[in-house]
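Below: one structure, written as structure tokens.
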Amino acid sequence: MNLVFLGAPGAGKGTQAKKLVEKYGIPQISTGDLLRAAVAAGTPLGKEAKSYMDKGELVPDSVVLAMVEERLRQDDCKRGFILDGFPRNTSQAEALDKMLSALNMPLTAAVSVDVPFDDLMKRLTGRRTCKACGQMYNIYFNPPQKANICDKCGGELFQRDDDKEETIKKRLDVYSAQTAPLFDYYKKRGILKSVDGTGNIDEIFANICKTLGF
Ligand code: AMP
């Protein structure tokens, strides 16, 4: 099962990908998470990426493609993978096709998690993540029991730098201009599976599994 998860920032694709990971034990490859880890570690790649991320722009393809290829070559991807937040534009999608055909790992499906544009802003501004375990919350839709404290591990919650209002607007613009054309790209290849991304997390997950035939 080799999957790409498509969807706007805030559509919940990361949350749903994590649920597939729990159920099927295949790795989630989130380019956003890989880039944030590089930023936190202060690597040269992280330093280069940070300036783009802080502005809500895409990091250059050369940086992201090398990172994804290295990850896909690791043994745990042989049984399948979920790409989350990649590809983000047509040239990344074309490069991914080439990479996967060289590795003999063709895509099974591109899953699109569809959420109306107006809902995305609240989802993004309300998003909080646990510093310790990465569990995600939303202060409007899925708040923790105690403000700013993780229900699972007691860790402190934080707001991503790029989830601030001004950066969000830019990220949504970039999404419309550069990432939305990928729906057509995968539709033409006959592997696009669209799922309604509104409603509760478990219902959406059940729909994804049904659509994928699991
Ligand atoms: P995400 O967590 O997927 O929303 O990604 C956060 C930020 O990381 C994005 O706004 C981009 O700056 C950068 N990023 C993540 N994935 C990619 C990608 N595939 N191509 C370019 N930039 C990316």
Side-chain angles (χ1 to χ4, degrees), residues 2-18 20-21 27-72 81-100 107 110-113 115 117 119-131 134-138 157-183 185-186 197:
N2 301 335
L3 301 175
V4 159
F5 262 53
L6 297 173
K13 49 185 190 323
T15 305
Q16 295 299 332
K18 281 198 177 69
L20 272 182
V21 168
Q28 170 191 16
I29 304 173
S30 157
T31 42
D33 285 351
L34 291 173
L35 288 166
R36 279 185 288 280
V39 170
T43 63
L45 184 152
K47 282 184 186 135
E48 186 186 351
K50 188 173 178 1
S51 59
Y52 296 95
M53 295 168 80
D54 284 350
K55 285 186 275 183
E57 289 171 7
L58 293 185
V59 172
D61 287 353
S62 55
V63 173
V64 179
L65 289 171
M67 219 172 60
V68 170
E69 178 154 13
E70 190 193 323
R71 185 64 190 85
L72 282 171
F81 56 81
I82 306 166
L83 283 167
D84 162 17
F86 177 91
R88 279 286 231 280
N89 57 30
T90 310
S91 75
Q92 290 184 7
E94 287 165 353
L96 176 65
D97 280 345
K98 279 198 196 125
M99 224 185 267
L100 292 179
L107 279 182
V111 180
S112 89
V113 182
V115 173
F117 216 69
D119 293 0
L120 295 171
M121 200 70 190
K122 217 167 182 184
R123 287 195 182 201
L124 289 164
T125 52
R127 182 151 78 175
R128 300 291 183 276
T129 311
C130 174
K131 270 186 188 161
Q135 177 66 35
M136 310 237 283
Y137 297 86
N138 186 292
L157 306 188
F158 74 102
Q159 182 177 36
R160 278 170 41 175
D161 282 345
D162 61 352
D163 276 345
K164 310 272 158 67
E165 210 155 325
E166 52 294 352
T167 317
I168 287 171
K169 168 122 195 5
K170 175 73 185 169
R171 287 167 64 208
L172 291 174
D173 287 347
V174 168
Y175 172 78
S176 299
Q178 301 193 47
T179 311
L182 294 182
F183 292 97
Y185 182 91
Y186 288 115

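Atoms within each ligand, like the ligands themselves, are counted from 1 in listed order.
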| remark: Here the atoms of ligand 1 under 4.0 Å from any heavy atom belonging to D162 are 6 (C), 7 (C)
| said: Under 4.0 Å from a heavy atom of R160: which atoms of ligand 1 are those, numbered in the order shown and with their elements? | reply: 1 (P), 2 (O), 4 (O), 6 (C)
| note | min-distance protein heavy atom vs atom 22 (N) of ligand 1 -> V59 N, 3.0 Å
| message | Within 45 degrees of the ring normal and closer than 6.0 Å to the centroid, is that where the cationic atom of K55 sits relative to Y52? | response | yes
| R71 (side chain) donor-acceptor with I29 (main chain) under 3.5 angstrom | no
| task | May I ask you to identify, for V64, whether its side chain, its backbone, both or neither come under 4.0 Å of ligand 1 on a heavy-atom basis? | result | side chain
| Should V59 and M53 count as side-chain neighbours, where that means a heavy-atom distance under 4.5 Å? | yes
| remark: Here the atoms of ligand 1 under 4.0 Å from any heavy atom belonging to L35 are 8 (O), 13 (C), 14 (N), 15 (C), 23 (C)
| task | Would you mind reporting whether L172 and L120 have side-chain heavy atoms less than 4.5 Å apart? | result | yes
| query | Quick one: which of M67, R171, R36 has a heavy atom closest to atom 10 (O) of ligand 1? | reply | R171
| query | Any N/O of E57 closer than 3.5 Å to an N/O of ligand 1? | reply | yes
| task | Would you please test D119 and R123 for salt bridge (charged side-chain N to carboxylate O under 4.0 Å, His left out) and show each step? | result | CA-CA 6 Å; D119 293 0; R123 287 195 182 201; 5.4 Å; no
| Going by the atom numbers of ligand 1, which of them fall below 4.0 Å from some non-hydrogen atom of Q92? | 18 (C), 19 (N), 20 (N), 21 (C)
| remark: Sorted by chain and residue number, the side chain to side chain donor-acceptor pair (under 3.5 Å) partners of Q178 (sequence neighbours excluded) come out as none
| request: May I ask you to check whether F86 has an N/O atom sitting below 3.5 Å from an N/O atom of ligand 1? | output: no
| query | Looking only at distance, does G85 have an N or O less than 3.5 Å from an N or O of ligand 1? | reply | yes
| Heavy-atom pair of closest approach, residues F158 and K131 | CD2-CG, 3.6 Å
| Which one holds for K55 and ligand 1: side chain close, backbone close, both close, or neither close, with close meaning a heavy atom under 4.0 Å? | neither
| query | Is the closest N or O pair between K13 and ligand 1 shorter than 3.5 Å? | reply | no
| said: Give me the nearest non-hydrogen protein atom to atom 1 (P) of ligand 1 as residue plus atom name, then the distance to 0.1 Å. | reply: R88 NH2, 3.4 Å
| Part of L58 with heavy atoms under 4.0 Å of ligand 1, whether side chain, backbone, both or neither | both
| Which bit of V174 gets closer than 4.0 Å to ligand 1, counting heavy atoms only: side chain, backbone, both or neither? | neither
| field | K18 vs D84 side-chain heavy atoms within contact, under 4.5 Å | value | no
| query | Got F117 and S176 here, is their nearest side-chain heavy-atom distance under 4.5 Å? | reply | yes
| task | For atom 8 (O) of ligand 1, grab the closest protein heavy atom and report residue, atom and distance to one decimal in Å. | result | M53 CE, 3.5 Å
| field | Heteroatom proximity flag, T31 to ligand 1, N/O under 3.5 Å | value | yes
| message | Has Q92 got a side-chain atom pairing as donor or acceptor with D61's backbone, closer than 3.5 angstrom? | response | no
| request: Assess whether atom NZ of K164 is packed by more than 12 heavy atoms of other residues, nucleotides or ligands within 6.0 Å. | output: yes
